[in-house]
Student: 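Got a structure for you, questions after.
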Amino acid sequence: MPLFGTNGIRGILNESITPELGYKFGMAVGTYYADQEIALAYDNRTTSQLLKRMAEAGLLNSGKNVVDLGMVPTPAIQIYCKLKEIPGVMITASHNPPNFNGFKVIAKDGSNPGKVEESRIEESILGERFNRAKWDNVGLSRLDDAVLPYLREIIKNVDQGRIRKMRFRVLVDCANSTTLATTPPLLRQLGVTYVSVNANSDGFFPGRGSEPTPESIKDLISFAKSVRFDLSVAHDGDGDRAVFLDERGEMIDGDKFVALVADHILERQKGDLVFPVASSFLIDRIAEKHGVKVIRTPVGAPIISDVLTKTKGIMGGEENGKVILPHYLNGGDGGLSVALALDIVSSRGKEISSLIKELPDYKLKRIKLPNRPDFESIKSKIRSHYSKMSADEMDGLRLVERDSFILLRKSGTEPAVRIYLSSMNSEWIDSREKEIMKLIGPN
Ligand code: MG
């Protein structure tokens, strides 16, 4: 089993990841990078302080100095690494449940390291090949602040004065996570009056869990429906993502939110867009409007980041609402998304629900079929049933009919199959769903 998954090493303490692995991980990162300083930060999970101390000991023992940034969202350490041009280590399991934790390497430009870097670090861990410092060369640790530079960098992407004039009212759900240290101060800097919920740090994520889903944020939705806010926002556990509710408290589909951001960005500057096969054709309509291309990739933020680097794309995104602006940071950032949402509303002078309604109405339905290890057989049944549709296998199987599609993917983390159905026509989606369910039958 490789240690690194799609987004670092993840697992449960003393089951699949151990404090000893944390120490070895620190040693391996310290051995791999030639830099003298390595940034280190962690989220507020119950196991983060333990794992942070083990990783720190490994870094110091490899002879590297540690810049301890404390408990901050992932994008804050990423921006810090980019500004200082040093690598970093983040202890987090993003939106996974509270029993999970993990180790993430951050490259010197703040992005995810490439597969080559990861596999070299992995080999070093597995082969226990580490540089061990002599007594007079062991590293030192110092503290530094990542929050202020992070907020400053976010604000460079928006018109702070124009946003301040709007005197927005925002409801923010910090998910009991580290975003409580960054999003409320960001909103204050933007002159926003806000109400925060789940804004106490708690590594058990008791408020609503660490992943913002329509089910997990239903209390936020009813709050936003009963009190008028211009915008409501719910972060994930490590702050690289945010989902939004409009001024009526209706959830904004992530697929539409990223399209709105793309339209806003392309009005100022032209460049190609990088989106996975799971995003609807709405993004193609936005690209056509501005005379640019959409480069499609398999699903997964690290792949999108990689393609953005190679193609010099101007923006990437995912249908879950993740926005990537590579000139700022080649990775998602929920704090940036909040600032961009307010920037868009203030520049267009309309409520966010009307801005979303003005977009071509591409619907995207996501279905997860748990306990389906029979992906290959499901795939071939569907492929032969829809033999008239054009097929591509960039990631799973995508069958396209004009601007509608069926996408079938195997989950990377569990024996489940994911189905995405997208069209401007809801009946198309409903009938394809019924046909597919009938076709594949119960497990
Ligand atoms: Mg995350």
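Read the numbers this way: they start at 1 and go in the same order the structure lists the ligands and their atoms. Please read all numbers here as calculations on a predicted model, not as lab measurements. Values below: all heavy atoms of this structure, side chains included; hydrogens, waters and symmetry mates excluded.
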Student: To check your reading of the site, what angle at the Mg ion (ligand 1) do OD2 of D236 and OG of S94 form, to 10°?
Tutor: 100°
Student: Would you kindly say whether S280 and D255 are connected by a side-chain donor-acceptor distance under 3.5 Å?
Tutor: yes
Student: Provide the atom name of the closest N, O or S atom of D238 relative to the Mg ion (ligand 1).
Tutor: OD1
Student: What is the name of the N/O/S atom of D240 that is nearest to the Mg ion (ligand 1)?
Tutor: OD1
Student: Within 45 degrees of the axis of the six-membered ring of F229 and under 6.0 Å from its centre: does R169 put its NZ or CZ there?
Tutor: yes
Student: State whether F223 and R228 meet the cation-pi test: NZ (Lys) or CZ (Arg) under 6.0 Å from the six-membered ring centroid, and within 45° of the perpendicular axis.
Tutor: no
Student: Within less than 2.8 Å of the Mg ion (ligand 1), any N, O or S from T74?
Tutor: no
Student: Testing the 3.5 Å rule here: is there a donor-acceptor pair between the side chains of D240 and T74?
Tutor: no
